[in-house]
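Working notes for the structure below.
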Amino acid sequence: MTDGKLLVTILLCGLATWLLRVTPFVLVKAARLPKWLLSFLSFVPVAILAAIFAEELLVYHPGAWPTLNVENTLAALPAIVAAIVSKSLLVTVVVGVAAMAVVRLLGWG
Amino acid sequence: MDIDLSAKAGLKDVMPTAFGYIGVGLAFGIVAHTSGIGPFMVLLMSLIVYAGSAQFVLTSMLLAASPVSAIVASVFLVNARMALMSMTVAPYLKKESLTQNILIGSLLTDETFALSMNKLNVTHRPLRPAWFHAANLGAYLIWAAATVAGDLVGSLIPDAKAFGLDFAVVAMFIGLLYLQMVTDRSRRFSRHLEVAGTVMLLMVILMRFMPGNTAILVATVLGCLIGMALEHLRKEAPTHD
């Protein structure tokens with residue numbers, strides 16, 4: 001792989017990503033959003049975070065059903081409890097990392 | 001998190017996510033190092049592409065000698081969910097200038113998006129650029145520094161997964177999801193749980209047919225539509241009782 005190809009790839013991927021990030025802001029600024037769209041968007045935060053979380057708990061196998069990522073699932077349980085008890089992002093992250101360290105130490109993954 | 005919308009509060013609010021950025025950033029830098037990408041190119045990639053999973057995809061496809069067009073198409077698909085997040089935040093910044101909107105949008109990530117949604121629930125008023133820029137820039141610089149550091153020390157660390165630091169990002173999403181469900185009082189907690197549960201079930205089904213990153217996008221759109229349908233049915237229901 002040459003640095004030239006890498007640079008072109010970075011620039012084009014950067015442009016594609018930037019357009020995805022910025023275009024909605026320009027559109028929303030220019031137009032008034034219909035009520036149904038605002039209603040749809042009100043579900044996005046919980047839906048997208050749940051989807052990202054689920055993806056971390058699963059392992060993709062092309063052409064077959066996904067399997068459970070045991071390591072991540074085991075470490076997620078104490079993190080969920082920490083989130084509920086503390087309502088603090090920092091505490092949740094620290095407990096999650098510690099839980100994962102323990103899971104790996106015990107070879108449960 | 002409190003009602004303060006200053007730049008200082010933005011930096012403070014983004015700090016817990018730093019663990020996630022550092023964990024994943026180091027891991028990415030190490031992968032880039034083993035793929036033969038030097039620190040300067042890693043820095044450029046982190047500053048220009050600035051997207052965790054997309055950078056992993058980009059690197060592995062480069063290594064597999066995929067054509068540039070295929071790499072760009074894949075990155076576009078992996079990052080397509082960003083358009084959904086931008087669309088969700090944008091109405092809260094509509095009163096700000098177009099330049100401010102573009103600047104905020106340029107550095108929006110999963111994490112700063114989720115933080116801004118949490119912040120909205122706490123403050124009950126429009127977001128302010130000062131807060132958003134500080135949170136975005138904090139995340140941006142930490143990500144860039146972590147990826148470069150990972151590339152530089154890549155040869156020294158044999159196992160990127162040591163100490164469970166890579167799990168920081170998953171734990172962070174758990175925290176962000178839970179906080180979103182309890183602070184967004186426009187719906188009851190049980191309704192949020194319903195949407196989250198539906199989306200997670202959809203993910204299992206969808207990942208039978210498509211990779212996780214595509215499934216995230218499809219499951220989110222379907223989950224929002226199902227949420228809308230349920231809410232609509234419930235509004236109609238009392239009149240039929």
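Computed over heavy atoms, backbone and side chain alike; hydrogens, waters and symmetry mates excluded. Source: prediction; values computed, not measured. Throughout, protein chains are lettered first and strands after them, A, B, ... in sequence-line order, and every chain is numbered starting at 1.
- Minimum interatomic distance between A:F25 and B:I104 (heavy atoms only, all atoms of both residues): CZ-CG2, 4.4 Å.
- In this structure, chain A has no heavy atom under 4.5 Å from any part of B:A215.
- Per-residue counts of heavy-atom pairs under 4.5 Å with chain B were compared for A:A16, A:S86, A:P24; the largest is that of A:P24.
- The CD1 atom of B:I71 lies 10.5 Å from the CD1 atom of A:I10; values are rounded to the nearest 0.5 Å.
- Both the backbone and the side chain of A:T9 have a heavy atom closer than 4.5 Å to some heavy atom of chain B.
- The greatest number of non-hydrogen atom pairs below 4.5 Å with chain A, out of B:V204, B:V68, B:I216, is found for B:I216.
- Rounded to the nearest 0.5 Å, atoms CG (A:L19) and CE (B:M82) are 12.5 Å apart.
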task: Kindly determine whether A:I84 and B:Y178 satisfy side chain to side chain contact (heavy atoms under 4.5 Å, CB included), including the steps that lead there.
output: CA-CA 7 Å; A:I84 295 169; B:Y178 180 73; 3.6 Å; yes
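- When each of A:A99, A:S39, A:A47 is checked for heavy-atom pairs under 4.5 Å with chain B, A:A47 comes out on top.
- Note on A:G96, A:P66, A:G14, A:A101: by heavy-atom pairs under 4.5 Å with chain B, the leading option is A:P66.
- Looking at A:V59, the atoms closer than 4.5 Å to chain B (heavy atoms on both sides) all sit in the backbone: N, CA, C or O.
- Inter-residue side-chain proximity for B:P91 and A:L33 is flagged as met; some heavy-atom pair is nearer than 4.5 Å.
- Closest heavy-atom contact between B:V221 and A:F40: O-CE1, 3.6 Å.
- Identified under the salt bridge (charged side-chain N to carboxylate O under 4.0 Å, His left out) test for residues 36-46 of chain B, with sequence neighbours left out: none.
- For A:W65, the CH2 atom counts as densely surrounded, since its 6.0 Å shell holds more than 12 non-hydrogen atoms of other residues, nucleotides or ligands.
- Summarising the geometry, atom CZ belonging to B:F19 is positioned 12.0 Å from atom OG1 belonging to A:T92; distances are rounded to the nearest 0.5 Å.
- Shown here for B:Q180 and A:V46, the closest heavy-atom pair between the two residues is CG-CG2, 3.7 Å.
- With a 4.5 angstrom heavy-atom cutoff, B:I102 touches chain A via backbone and side-chain atoms both.
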- request: Just do the side chain to side chain contact (heavy atoms under 4.5 Å, CB included) check on B:N101 and A:V26 with the steps written out, would you?
  value: CA-CA 8 Å; B:N101 272 272; A:V26 178; over 6 Å; no
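- In this structure, B:D110 CG and A:I52 CD1 are separated by 4.0 Å, a value rounded to the nearest 0.5 Å.
- Both the backbone and the side chain of B:V49 come within contact range of chain A, judged by heavy atoms closer than 4.5 Å.
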query: B:I48 and A:W18: side chain to side chain contact (heavy atoms under 4.5 Å, CB included), yes or no, with the steps?
result: CA-CA 9 Å; B:I48 295 172; A:W18 184 72; over 6 Å; no
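- The residue among B:R81, B:M15, B:M61 with the most heavy atom pairs within less than 4.5 Å of chain A is B:R81.
- Heavy atoms closer than 4.5 Å to chain A are found in the side chain of B:L58, but not in its backbone.
- Heavy-atom distances place the side chain of B:L115, and not its backbone, under 4.5 Å from chain A.
- Residue A:S42 touches chain B through both its backbone and its side chain, counting heavy-atom pairs closer than 4.5 Å.
- Contact between A:R21 and B:S86 at its shortest, heavy atoms only, is O-OG, 2.6 Å.
- A:V22 and B:G105 get closest at one heavy-atom pair: CG2-C, 4.0 Å.
- In terms of non-hydrogen atom pairs under 4.5 Å with chain A, the most contact-rich of B:V75, B:V182, B:L177 is B:L177.
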message: Run B:L179 and A:K87 through side chain to side chain contact (heavy atoms under 4.5 Å, CB included) and show every step you take.
response: CA-CA 7 Å; B:L179 289 176; A:K87 291 192 176 160; 4.2 Å; yes
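- With a threshold of 4.5 angstrom between heavy atoms, B:R191 does not approach chain A through any atom at all.
- With a 4.5 Å cut-off on non-hydrogen atoms, B:Y50 touches chain A through its backbone and its side chain both.
- A:K5 places a side-chain heavy atom less than 4.5 Å from the side chain of B:L62.
- Shown here is B:Y92, whose OH atom has no more than 12 heavy atoms of other residues, nucleotides or ligands within 6.0 Å.
- Only the side chain of A:L57 comes within less than 4.5 Å of a heavy atom of chain B; its backbone N, CA, C and O stay farther away.
- At least one donor-acceptor pair under 3.5 Å links the side chain of B:K94 to the backbone N or O of A:V28.
- For the atom pair A:L7 CG and B:M45 CE, the distance stands at 10.5 Å (nearest 0.5 Å).
- Contacts of B:F76 with chain A are made by both backbone and side-chain atoms, with heavy-atom separations under 4.5 Å.
- Proximity to chain A (any heavy atom under 4.5 Å) is shown, for B:M200, by both the backbone and the side chain.
- The shortest non-hydrogen separation linking A:Y60 to B:M210 is CE1-O, 3.2 Å.
- Neither the backbone nor the side chain of B:V78 has a heavy atom closer than 4.5 Å to any heavy atom of chain A.
- Highest contact tally toward chain B, considering only A:I48, A:V91, A:I80, A:L105, is held by A:I48 [criterion: heavy-atom pairs under 4.5 Å].
- The most heavy-atom pairs under 4.5 Å with chain A, out of B:A51, B:S74, B:G212, B:G223, come from B:G212.
- For A:A64, the part lying under 4.5 angstrom from a heavy atom of chain B is the backbone only.
- Looking at B:S66, the atoms closer than 4.5 Å to chain A (heavy atoms on both sides) all sit in the backbone: N, CA, C or O.
- Looking at B:S97, the atoms closer than 4.5 Å to chain A (heavy atoms on both sides) all sit in the backbone: N, CA, C or O.
- Contact count versus chain A (heavy atoms, under 4.5 Å) is highest, among B:M117, B:M207, B:K95, for B:M207.
- B:F40 CZ: 12 or fewer foreign heavy atoms inside a 6.0 Å radius.
- Chain B forms the most heavy-atom pairs under 4.5 Å with one residue out of A:G63, A:P62, A:A79, A:A30, and that residue is A:G63.
- Counting heavy-atom pairs under 4.5 Å between each of A:C13, A:A98, A:A83, A:A82 and chain B puts A:C13 at the top.
- Under the ring pair (Phe, Tyr, Trp, His ring centres under 6.0 Å) criterion, B:Y21 pairs with no residue at all, not counting sequence neighbours.
- At distances below 3.5 Å, at least one donor-acceptor pair connects side-chain atoms of A:K29 with backbone N or O atoms of B:E96.
- In this structure, OG1 in B:T88 is found 12.0 Å from CZ in A:F43, a value given to the nearest 0.5 Å.
- Contacts between A:L15 and chain B at a heavy-atom distance below 4.5 Å are absent for every atom of the residue.
- The choice from B:V89, B:I174, B:V170, B:T198 that makes the most heavy-atom pairs within less than 4.5 Å of chain A is B:I174.
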